[in-house]
Amino acid sequence: MTDTPATTAPLAQARIAVIGYGSQGRAHALNLKDSGLDVIVGLRKDGPSWQKAIEDGFAVAEPSAAVAEADLVAVLTPDMVQPELYRTAIEPNIKPGATLLFAHGFNVHFGQIKPRADIDVVLVAPKGPGALVRREFEIGRGVPCLFAVYQDTTGHAEERAKAYAAGLGGARALLIRTDFKEETETDLFGEQAVLCGGASELVIKGFETLVEAGYQPEIAYYEVLHELKLIVDLFYEGGISRMLEFISETAQYGDYVSGPRIVDDATKARMKAVLTDIQDGTFARNWTEEYKAGLPNYKRLKQADLDHPIEKVGKALRARMPWLSATAPAAKPA
Ligand code: NDP
Ligand code: MG
Ligand code: MG
């Protein structure tokens, strides 16, 4: 744990260009501005974000113009558009000695972006979606941030990264030092093996098991998907011990004897294989090729998920639970 104190002082004279105004971009731009820093937002003129950033009170310019006048450029567009954005708008325009900042190390770590040698390159990655980064800042708190330095030509890279994290509110909570490799590989592994890939497949296989055994899909949906939130909330608040505290003895005993039958050492061995594909660049290469080819497999696999019976039954059930849609906007990227 790196609990390093930080203030925005090293960026007090800096102009910050935030490129992209989505989940992270909007939260970063607003928090930095409210921390007293000078922010310009870089966007394409024909995109839907342009008007939104203006309505929020920002100076907005095309990415190349925003970059040209900035001392720090935060790249907060989707990862797959960043290499082209770097080539066309950033590389030709960024000032020598300026700081190039990412919120995820993917493109730099896997060599999709090779930063110019005369700039600093850093990472500040809040450990939460943009809406939470904004909400916590507004109530005087902050979301913990990872920070890292990839390239330090000025000798000021680290203090500027920490100042940016302070501007987001992250220094009110916790700043953890990392490097681009660790941030990138652990982020990819988490989302693939556990959070997105692992959790959704676990739910789908559980649903199929119950439905194929003749149980009603509506009841299967509640048991394996809907109620997952209760468990995850307990994990989030107090780890596995808090979950064990709140579930019945019967559920605990079932957890102890059946959990390891479902997720066992063979699963862990496959997790290691997934990690190896991430570490040796196989995943990044496949994903980059897929993106360039127009996402044929991505679209097919996504459609298969959307067409799964659990989605049909889920849609009908959620329509009868109005409190779900009442809370949905807060959970979505702003
Ligand atoms: P989003 O998908 O929310 O970014 C969308 C924004 O990018 C929109 O404002 C869009 O503008 C803009 N954009 C898209 N293409 C371009 C382009 N070619 N030129 C200029 N602007 C463009 O991104 P996220 O906030 O999810 O992710 C940003 C970065 O943060 C990524 O590196 C991601 O890995 C990282 N990250 C994300 C987290 C999250 O919770 N989402 C958490 C931690 C890190 P338009 O309206 O014109 O389309
Ligand atoms: Mg990720
Ligand atoms: Mg268990």
Side-chain angles (χ1 to χ4, degrees), residues 17-32 39-56 58 60-67 70 73-91 93 100-110 112-113 121-136 142-148 150 161 164-165 168-170 176 178 180 182-199 274 278 283-284 287-288 291 330-334:
V18 171
I19 313 297
Y21 202 69
S23 173
Q24 292 294 321
R26 179 167 188 268
H28 289 215
L30 289 168
N31 290 8
L32 294 167
V39 177
I40 180 168
V41 175
L43 286 167
R44 4 174 222 199
K45 218 165 192 163
D46 51 352
S49 302
W50 181 278
Q51 199 51 39
K52 190 160 193 204
I54 287 177
E55 280 162 19
D56 286 343
F58 284 103
V60 186
E62 300 270 3
S64 50
V67 167
V73 175
V75 186
L76 299 173
T77 66
D79 293 304
M80 284 299 117
V81 312
Q82 292 178 8
E84 168 79 1
L85 179 76
Y86 179 77
R87 268 190 301 278
T88 57
I90 299 175
E91 190 166 40
N93 295 301
L100 184 62
L101 180 144
F102 294 89
H104 181 33
F106 187 94
N107 286 303
V108 170
H109 177 62
F110 290 118
Q112 304 298 314
I113 291 176
V121 182
V122 303
L123 172 112
V124 173
K127 289 287 91 190
L132 186 70
V133 171
R134 180 60 184 158
R135 204 158 63 236
E136 283 297 291
V143 171
C145 291
L146 308 186
F147 74 94
Y150 177 79
Y164 185 98
L168 295 186
I176 302 175
T178 182
F180 275 59
E182 181 177 59
E183 186 279 332
T184 303
E185 293 175 355
T186 55
D187 181 88
L188 292 172
F189 177 80
E191 67 199 18
Q192 292 177 26
V194 180
L195 306 177
C196 312
V274 166
I278 292 168
F283 173 78
W287 172 217
T288 307
Y291 189 83
K332 275 190 198 144

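Counting starts at 1 for both ligands and their atoms, in listed order.
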Subject >> Option of least heavy-atom distance to atom 2 (O) of ligand 1 (set: Pro129, Ala131, Ala66, Pro78) >> reply: Pro78
Original post:
Going by the atom numbers of ligand 1, which of them fall below 4.0 Å from some non-hydrogen atom of Leu43?
Top reply: 9 (O), 11 (O)
Subject >> Value rounded to 0.5 Å, distance of CD1 in Ile278 from OG1 in Thr186 >> reply: 9.0 Å
Original post:
Any idea which atoms of ligand 1 are less than 4.0 Å away from a heavy-atom of Tyr21?
Top reply: 6 (C), 8 (C), 9 (O)
Original post:
To the nearest 0.5 Å, what is the distance between CD (Glu91) and OG (Ser64)?
Top reply: 13.5 Å
Subject >> Asp187: its N/O/S atom lying closest to the Mg ion (ligand 2) (atom name) >> reply: OD2
**OP:** Counting heavy atoms only, name the option from Glu62, Arg44, Gln82 that's nearest to atom 47 (O) of ligand 1.
**Re:** Arg44
**OP:** Could you grab the distance from atom CG of Leu168 to atom CZ of Arg134, nearest 0.5 Å is fine?
**Re:** 11.0 Å
Original post:
According to the interplanar angle, ranging from 0 to 90°, do the rings of Phe106 and His104 count as parallel (below 30°), tilted (30 to 60°) or perpendicular (above 60°)?
Top reply: tilted
Original post:
Hey, which atoms in ligand 1 end up nearer than 4.0 Å to a heavy atom of Leu85?
Top reply: 19 (N)
**OP:** List every atom of ligand 1 that sits less than 4.0 Å from any heavy atom of Ala103, numbering the atoms from 1 in the order shown and giving each element.
**Re:** 30 (O), 35 (C), 44 (C)
Subject >> Atoms of ligand 1 close to Leu76 [distance to a heavy atom under 4.0 angstrom, numbered from 1] >> reply: 4 (O), 28 (C)
Original post:
With a cut-off of 4.0 Å, which atoms of ligand 1 are near a heavy atom of Val81?
Top reply: 15 (N)
Subject >> OH on Tyr164 to CG on Leu123, rounded to 0.5 Å >> reply: 10.5 Å
Subject >> Plane angle bin for Phe58 and Tyr21 - parallel if under 30°, tilted between 30 and 60°, otherwise perpendicular >> reply: perpendicular
Original post:
Taking only heavy atoms of His104, which atoms of ligand 1 are found under 4.0 Å from at least one of them?
Top reply: 32 (O), 34 (O)
Subject >> Cationic N near anionic O, under 4.0 Å, Glu84 to Arg87 >> reply: yes
Subject >> Gap between atom CG of Asp79 and atom CZ of Phe110 - 0.5 Å precision >> reply: 11.0 Å
Original post:
Which ligand 1 atoms does Ser49 reach within 4.0 Å, using its non-hydrogen atoms?
Top reply: 8 (C), 9 (O), 10 (C), 11 (O), 45 (P), 46 (O)
Original post:
Strictly under 4.0 Å, does any heavy atom of Ala125 approach an atom of ligand 1?
Top reply: no
Subject >> Name of whichever N/O/S atom of Glu191 is nearest to the Mg ion (ligand 2) >> reply: OE1
Original post:
Could you state the interatomic distance from NE2 (His109) to CD (Glu183), rounded to the nearest 0.5 Å?
Top reply: 10.0 Å
